[in-house]
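Okay, structure first, notes after.
Letters A, B, ... are given to chains in the order of the sequence lines, protein chains preceding strands, and every chain is numbered from 1.
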There are 2 protein chains.
Amino acid sequence: MEEFLNERFQEVLHCIIEEYIVTANPVGSKFIAGKCSLNLSSASIRNIMASLEEKGYIHQPYFSAGRVPTSSGYKFYINSILKTKKISKQQKEEIRSSFNISGKDIKKILWQAVHLLSEISHYMPIVLAPERTYANLLHIEFIKLDKSNLLVVTVFDGGIVENKIISADRDYAQAELSKYSVKLNEIINGHNIDELKDVILKSIDKDRKSFFSLLNGIIFNFDLAKDKIVNEDDYLYIGSRMNLFDEPEFSNYEKIKSLVKAFEDKKTIIKLLELAKQKEGIHIFIGSDTEWSDINGLSVITASYHSKKGFAEGSIGLIGPSRMNYATAIPAVNYMAKLLCDII
Amino acid sequence: MEEFLNERFQEVLHCIIEEYIVTANPVGSKFIAGKCSLNLSSASIRNIMASLEEKGYIHQPYFSAGRVPTSSGYKFYINSILKTKKISKQQKEEIRSSFNISGKDIKKILWQAVHLLSEISHYMPIVLAPERTYANLLHIEFIKLDKSNLLVVTVFDGGIVENKIISADRDYAQAELSKYSVKLNEIINGHNIDELKDVILKSIDKDRKSFFSLLNGIIFNFDLAKDKIVNEDDYLYIGSRMNLFDEPEFSNYEKIKSLVKAFEDKKTIIKLLELAKQKEGIHIFIGSDTEWSDINGLSVITASYHSKKGFAEGSIGLIGPSRMNYATAIPAVNYMAKLLCDII
DNA sequence: ATTAGCACTCTATATTGAAGAGTGCTAATA
DNA sequence: TATTAGCACTCTTCAATATAGAGTGCTAAT
């Protein structure tokens, strides 16, 4: 798909992109002539630029202005740096050492990942929590809240804990509930939700009508949870929006407003991250590539993470302007995803 | 403290404020002459306005512009409408009916309150969760996660559920943990955390060293939790910021940026709401009144809520421009606080 | 193949001017 | 004495205009 580019052309394209990443202003031929390693005059650079524009890698916002990279331009650039740039050992060490996992549940770990990535990248990180539909159950506990409400605590593999309140069909004593908890835990050991349903239906104690109705309650709840994330806040973690506001592309009212509006509704981001989850490794969505048409000029770097057992999969991403610093951002996302794999 | 105002003066002040609330533009004498019930010429209104300005209730942004209310002006206005305006029965019904509390824990209930208040007010609601330091304990359950980690589920009065992971001093079997849970629950019934510590220390089973170390673990955790909210996201709930962005006072880049920055750090808001919690009923902070110096032109309406038993106290607030519609916003906050009292 | 030179285009910024809104003051009025 | 009409004055806002500067494309020279 990708056209072959002369070394000279590549050099000019890289120069333009790297300069544009820093200044956010269209880059002129004179500047490139002075900066890049090719010793050519501005006139020659102009010829090359005209050619690059013809091929679609750069673009003039208006007649006789400087050049700005296009999506294809970024793509080409990313492909070439992907091979070379790696995260420095020092930075690796820095990230790993500031990750505090003692006594933290998954929620806090994911928040930490978001905050860390926010600090090192200055863009807006997003993290999708592992879906527990296919995670193994570790423990279920029934706790009495009052006459008509029970709390069901469900613990999954990978530190995922879920609290759910279900209404009881009658007033249970805590002692009775505890007995059921024990009984249920003998069955569930190491199954996931789908499997559990079968197991329960088979091993159910027919005499115990109340036990059965309890089980019905939780199964019903699991069904509900499967296709609908009850609480988006436990599913998608969004880092500081402020980081993006500092970027010059959002320095006017209309744009900043559309930016905030786009993130207010988390569904678009969730969709994007769910897509990324299904793929292996790093993926990059640039500008108008996606159905992300809400905001032009935005790019998203995503990576999936998964526990060693293969369950508990989620994904992590970083949203920035298309003009983002891919050379440092991509390795950062990549490393963070790996780190999450290790921890979970 | 408040000066007496002639009826005529009051009428003009009200007119100015109510017009300013709608248009956000300085209000001129001609407009007031045409609109308000006093049948006076613009020249007479001008005299009154000059007088009101001298007293500090209104202010001219620049020589020979219209008038804008000052903080004192708003205060006076609020005091007079506080006596008359009430929420309509219809709106009460609407709010109450869209409040769905079945099977929800406190977290979801508070989110619902935020969303509802956001919808009816078009400003930015904030809610402080009840602190559970003084709430009664209902249940504690130990669940084994792996060899070295235990999950402690703590259930408080009022539907507050907390999960905490503590590291174990040795490998406990789940059966053993369950026994401890039962034993502990016999003791805790109806005590709050502070009381519980005494009770535990007195009734502790001296032979059971491992039980003791477990208890030590949770007591330690409670101490930690008391003066530090571990996760701000479970403590402060913030509604849609977008609502504020639509207000004309934030229609330029610098202001919108300082607005977002001010809310990025939740500590200021938390401080404010904790202050409100200690007071009874509705309180209103206007503009530069508070140490809220970050953003001039912002007002906060707050109200405290508490369960009937007197425990589980929190507070609720609404942030808008000083130029906010107090006549509808104040009753809305007030009613929402009452509703929370009923539900919890 | 490369470059110097030049006319040209377009943006960004400052300047100007006119229109409009609102005031304060004074003198006239009821 | 309280109110109002009239008028000169101030200040903002908005659009039109002018100017400077950056960057280009093209041509002719090297």
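Atom CD of B:Glu53 and atom P of C:dG22 are 15 Å apart (whole Å). Look at CD1 on A:Ile32: it is 15 Å from C1' on D:dT24, rounded to the nearest Å. A:Leu52 has its CG atom 15 Å from the C1' atom of D:dT24, to the nearest Å. Summarising the geometry, the separation between CZ on A:Arg46 and C1' on C:dC8 is reported as 13 Å, rounded to the nearest angstrom. Residue A:Ile58 contributes atom CD1, which lies 9 Å from atom P of D:dT24 at whole-angstrom precision. Taking atom CG on A:Leu38 and atom P on C:dT3, their separation rounds to 10 Å, with Å as the unit. Per the geometry, CG belonging to B:Leu40 stands 15 Å off C1' belonging to C:dA30, to the nearest Å. B:Ile48 has its CD1 atom 13 Å from the P atom of C:dG24, to the nearest Å.
For A:Gln60, counting side-chain heavy atoms from C-beta on, the closest listed nucleotide (C:dT9, D:dG25, D:dT4) is D:dG25.
For the pair B:Phe63 and B:Ala43, nearest-nucleotide mapping onto DNA chain D gives the more 5' position to B:Ala43.
Here the side chain of B:Ser118 pairs no donor or acceptor atom with the backbone of B:Val114 at under 3.5 angstrom. In this structure a side-chain-to-backbone donor-acceptor pair under 3.5 Å is missing from A:Ser315 to A:Leu128.
When heavy atoms are screened at a 4.0 angstrom cut-off, B:Ser42 is found touching no nucleic acid atom at all.
With values rounded to the nearest 0.5 angstrom, B:Lys266 atom NZ is found 12.0 Å from B:Leu273 atom CG. To the nearest 0.5 Å, the span separating CD1 on B:Ile330 from NE2 on B:His283 amounts to 12.0 Å.
Residue A:Ser44 places at least one side-chain N or O closer than 4.0 Å to OP1 or OP2 of C:dT3. For B:Ser41, no side-chain nitrogen or oxygen approaches OP1 or OP2 of D:dT3 to under 4.0 Å. Contact check, B:Arg67 against C:dG22: no side-chain N or O comes under 4.0 Å of OP1 or OP2.
Aromatic ring pairs are classed by plane angle as parallel below 30°, tilted from 30° to 60° and perpendicular above 60°; the pair A:His115 and A:Trp111 is parallel.
D:dT19 is paired with C:dA12 under the Watson-Crick or G-U wobble criterion, all donor-acceptor distances under 3.5 Å. Pair assignment for D:dA28 gives C:dT3, based on Watson-Crick or G-U wobble hydrogen-bonding distances that are each under 3.5 Å.
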